[in-house]
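Take a look at the structure below.
Position 1 is the first residue of the sequence; numbering continues from there.
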Amino acid sequence: VRQVMSTTAPFDPKTARRRFVIAAPDGSSAVLFQSLLTKIAAEAPGIDVGLRQLLPRAGAVEAEDAWQEALADLDAGVMDAAVLPLERAPARFHVQLLYEEDFVIACRAGHAYANAPRLERFCSERHLLVSHSGERFGFVDRALAAAGQTRRIALTVPNFFFALAALAESDLIAALPRMFVALHGRRLGIVASEAPLALPRFRMCVIAPKVALM
């Protein structure tokens with residue numbers, strides 16, 4: 001093994017011919033991958049990329065539990081790297097912070113909620129929830145429950161782009177990632193306001209097996 005490693009040429013992005021599989025939740029893919037593809041085209045023209053969508057385990061509350069399958073797929077070599085809201089991983093993985101994310105309340109331009117983004121109004125609106133399983137309870141609902149409040153989930157959709165399209169054509173509102181809405185909401189007439197209650201912040205990190213980086 002030492003002999004093979006010592007004779008292997010170092011990775012040179014300018015001349016490399018290789019395909020990398022990168023996995024991420026769709027909200028993060030939409031934020032990161034346009035700039036990534038632009039950089040690859042300029043600095044690593046022989047590199048191809050396969051994009052794989054990651055989904056959290058249904059019913060998981062803690063991030064470590066929600067993304068265990070993604071770490072298992074990294075171990076198995078199903079993908080080369082994953083973008084996850086995990087700051088810690090077992091020692092066999094390299095973890096690097098990419099960006100921090102929080103959530104805003106999104107709706108179509110002209111929606112009455114945008115003029116009065118208060119908690120009482122928030123709870124009385126019809127909500128859209130991004131849920132690949134169709135489950136109608138998420139971290140916003142946990143935050144509301146802690147404040148003694150509830151909301152009505154009128155529609156669940158399986159991904160964030162579907163959410164933007166539905167918001168643009170309805171009176172629904174939704175909690176969506178701030179950077180995702182900033183990048184993609186304007187062309188659909190989507191506006192955003194600060195959440196009327198404290199919601200979690202997420203630190204999005206790229207995670208890869210250390211052996212793959214050697």
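Expressed to the nearest 0.5 Å, how far CZ of Arg203 lies from CZ of Arg201 amounts to 9.5 Å. The distance from atom CZ of Phe122 to atom CD1 of Ile105, rounded to the nearest 0.5 Å, is 4.0 Å. In this structure, His127 NE2 and Leu155 CG are separated by 12.5 Å, a value rounded to the nearest 0.5 Å. In this structure, CE in Met204 is found 13.5 Å from CD in Gln96, a value given to the nearest 0.5 Å. To the nearest 0.5 angstrom, His94 atom NE2 is 8.5 Å from Lys210 atom NZ. Distance CG/Leu32 to OH/Tyr99: 5.0 Å, rounded to 0.5 Å.
Closest of all the heavy-atom pairs between Ile47 and Ile40 is O-CG2, 3.8 Å.
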Would you give me the side-chain donor-acceptor pairs under 3.5 Å for residues 156-176, sequence neighbours excluded?
| from | atom 1 | to | atom 2 | distance (Å) |
| --- | --- | --- | --- | --- |
| Asn159 | OD1 | Phe161 | N | 3.3 |
| Asn159 | OD1 | Phe162 | N | 2.7 |
| Ser170 | OG | Ala166 | O | 2.7 |
| Ser170 | OG | Leu172 | N | 3.2 |
| Asp171 | OD1 | Arg108 | NE | 3.0 |
| Asp171 | OD1 | Arg108 | NH2 | 2.5 |

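A salt bridge between Glu100 and Arg178 is absent, with no side-chain N of the basic residue lying under 4.0 Å from a carboxylate O of the acidic one. Salt bridge annotation for Asp75-Arg92: present, with a cationic side-chain nitrogen under 4.0 angstrom from a carboxylate oxygen.
Transitive grouping of hydrophobic side chains (ILVMFWY, heavy atoms separated by less than 4.5 Å) keeps Leu54 and Ile22 in distinct clusters.
Of the possible donor and acceptor atoms, none in the side chain of Arg88 sits under 3.5 Å from a partner among the backbone N and O of Leu86.
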Chi angles and distances behind the side-chain contact (heavy atoms from CB on, under 4.5 Å) call for Leu199, Val140
CA-CA 7 Å; Leu199 296 179; Val140 175; 4.1 Å; yes

